[in-house]
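Taking it in order: structure first as structure tokens, then the write-up.
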Amino acid sequence: MLKNFWYAVEFSAAVKDQPQPVRLMGDNYVLYRDSQGQLVAMRDRCIHRGASLAGGWIEGNCIRCPYHGWRYDSDGTCIEIPADQPGVPIPKRARISSLPVAERYGLVWLFVGDLPVEQRPPIPPLPEFEDPNWRSITGEYTWKAHYTRVVESGLDSSHAPFVHSVFFNLRDEAEVPPYEVQTDEWNCSAKTISKPPKRAGLLKLIVKRDRPFSSATLTAHMPNINRIHLDFNFRGYQYIYFASNIPVDENTTLTKWIGLRNFLNQPWADWNSRKNTNDTYLEDKDVVESQIPRVVPLTGEILLASDSLQLAYRKLLKSYVERGWALSDYELPALANPNGKTPEMITTGA
């Protein structure tokens, strides 16, 4: 796991004027809205006796601990201790760490780290969310897997004929055409071409003919965001899957996703988009959860030309580890590279 990134941890609609607990990278946090509706985020642990603030309540801009009633301002400073006599000063250490928080695309983003504002990575873009020509739906699901394995499954075009046979029953035509990877400091992306999926479900209504190909632009916004942009190669119809794969802890990933489509953008069609997304998750789940080691390794696995995007993702992970941003699992041997070199891709026949 990595510090110094923005993590989308909850849907905005779920955070109201009551404490909302979230868990990220093995730590507990609490979210709430103050009297002006502004988001507040802080660690979910009273500095007094360690009680969870999630069981407390909101008073104006403050949160009150349910155990002894200590009251904390939105910056985490304790401003009242009911058990003290009047005039007794509040200890200077009586404060809880608050976190930078932002709202984008109907998601709540937390920044966990120690970088100054001007050096922080950007929140990934999703301009289609504000576009009235796109309709959005949301959902979530849980994996018993490390988030890096989940992210890589969303970057992998070669598994579709074997795992997603409902739409891609083309095991005899599983070749992945060459593709080019684009990488910068915070992202890696590639456009892939494949045989079109079957015209199943509502695709039978909107796609009236067979097509020679469809395309997908697969992107990892580091370290845990998948964006899958599908183009059906028919009348400009497209679908975008934008997923925050939240590292709850070293063994659990909670995915909160947004699905956007620019076709059939009436509410009655939402069920089909949601069903397709959930079915894809259920098909991926057992395979992803079976992978060993838990954390994607930088050595020991054989990566082919079809895995070029996963290789780019791993190189970016390694660059952040080298900056000293690693937390817990990234310090394990699974990501160690004994010779200090960046792993090279192995091509077929090499």
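The side-chain hydrogen bond (donor to acceptor under 3.5 Å, both in side chains) search around R104 returns none, not counting sequence neighbours. In this view, K3 and D114 satisfy the side-chain hydrogen bond (donor to acceptor under 3.5 Å, both in side chains) rule, not counting sequence neighbours. Remark: T252 engages D249 in a side-chain hydrogen bond (donor to acceptor under 3.5 Å, both in side chains) (not counting sequence neighbours). In this structure T217 satisfies the side-chain contact (heavy atoms from CB on, under 4.5 Å) test together with S189, K191, T219, H229, sequence neighbours excluded. Listed by chain and number, the residues in a side-chain contact (heavy atoms from CB on, under 4.5 Å) with N278 are Y141, W257, R274 (sequence neighbours excluded). Under the side-chain contact (heavy atoms from CB on, under 4.5 Å) criterion, E118 pairs with P116, sequence neighbours left out. Contacts of R33 classified as side-chain contact (heavy atoms from CB on, under 4.5 Å), with partners at least two apart in sequence or in another chain: S12, V15, L39, E103. Residues passing the ring-ring contact (aromatic ring centres under 6.0 Å, His included) test with F111, sequence neighbours excluded: W6.
Residue pairs meeting the ring pair (Phe, Tyr, Trp, His ring centres under 6.0 Å) criterion with at least one member in residues 290-312: none, sequence neighbours excluded. Counting only residues at least two apart or on different chains, the salt bridge (charged side-chain N to carboxylate O under 4.0 Å, His left out) pairs with a member in residues 7-19 are E10-K256.
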Check: residues 52-62 side-chain donor-acceptor pairs under 3.5 Å, at least two apart:
unit_1	atom_1	unit_2	atom_2	d
S52	OG	D44	OD1	3.1
S52	OG	D44	OD2	2.8
S52	OG	A54	N	3.1
W57	NE1	E59	OE2	2.8
E59	OE1	R64	NE	3.3
E59	OE1	R64	NH2	3.0
E59	OE2	R64	NE	2.9
N61	OD1	S35	N	3.2
N61	OD1	S35	OG	2.8

Only distances under 3.5 Å count here; give the side-chain donor-acceptor pairs of residues 81-102 to other protein atoms, sequence neighbours excluded, each with its distance to 0.1 Å.
unit_1	atom_1	unit_2	atom_2	d
R95	NH1	T77	OG1	2.7
R95	NH2	D75	O	3.2
S98	OG	D75	O	3.4

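The aromatic ring centroids of F242 and F129 lie 6.0 Å or more from each other. A centroid separation of less than 6.0 Å is found between the aromatic rings of F263 and F232.
For the residue pair D184/N187, the side-chain donor-acceptor check at 3.5 Å is satisfied.
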